[in-house]
Amino acid sequence: MKSFAYVITDRAGIHARPAGTVVKTAQKYVSDILIKKGDKEADAKKLMQVMALGVKCGEEIIVDISGEDEEEACPAVEAIFKELL
């Protein structure tokens, strides 16, 4: 399993446009990709789950990636967060 932590810097938090990009990126991989905020978690391949986390600016998330292509998925997903959020 690979994981990384990220503090959201976008003033709007995780909103529709970047969440959609995260989902599209996650869907390219067969690995399970979970976004965790506190005691809540969401499948990064499902837009409504990602949006339901309600992540705001300044909050930290943990992204866990496990599966056969986790080595490729982890840096790709992390790059999207750094680029958009």
For residues 41-54, please give each side-chain donor-acceptor pair under 3.5 Å, one per line with the distance, not counting sequence neighbours.
from  : atom 1 : to    : atom 2 : distance (Å)
Asp43 : OD1    : Lys45 : N      : 2.8
Lys45 : NZ     : Tyr29 : O      : 2.6
Lys45 : NZ     : Ser31 : O      : 2.8
Gln49 : OE1    : Asp43 : N      : 2.8

Shortest non-hydrogen pair, Ile14 vs Ala19, comes out as CG2-CB, 3.8 Å

For Val30, does its backbone N or O pair with a side-chain atom of Asp69 as donor and acceptor, under 3.5 Å? yes

Residue pair Asp64 / Met1, side-chain heavy-atom distance below 4.5 Å
yes

Of Val7, Val55, Ile8, the one forming a side chain to side chain contact (heavy atoms under 4.5 Å, CB included) with Glu60 is Val7

The reported gap from CD in Glu59 to NZ in Lys56 (rounded to nearest 0.5 angstrom) is 6.5 Å

Indicate if Ile65 and Ile80 have the same hydrophobic cluster label, given that clusters are the connected sets of ILVMFWY residues with side-chain heavy-atom separations under 4.5 angstrom. yes

Quick note, salt bridge (charged side-chain N to carboxylate O under 4.0 Å, His left out) partners involving residues 1-29, not counting sequence neighbours, are Lys2-Glu71

Do Leu85 and Leu34 belong together in a cluster built from hydrophobic side chains that touch within less than 4.5 Å?
-> no

All heavy atoms of Ala5 vs all of Ile62, minimum pair found to be CB-CD1, 3.6 Å

When rounded to the nearest 0.5 Å, the distance separating NE2 of His15 from CG of Leu84 is 8.0 Å

When rounded to the nearest 0.5 Å, the distance separating CD of Glu68 from CG of Asp32 is 10.5 Å

One should read off an interatomic distance between Ser3 OG and Ile61 CD1, to the nearest 0.5 angstrom, of 11.5 Å

Item to complete: Please examine the side chains of Phe81 and Ile35, heavy atoms only from C-beta on, and report whether any two atoms are closer than 4.5 Å.
Response: yes

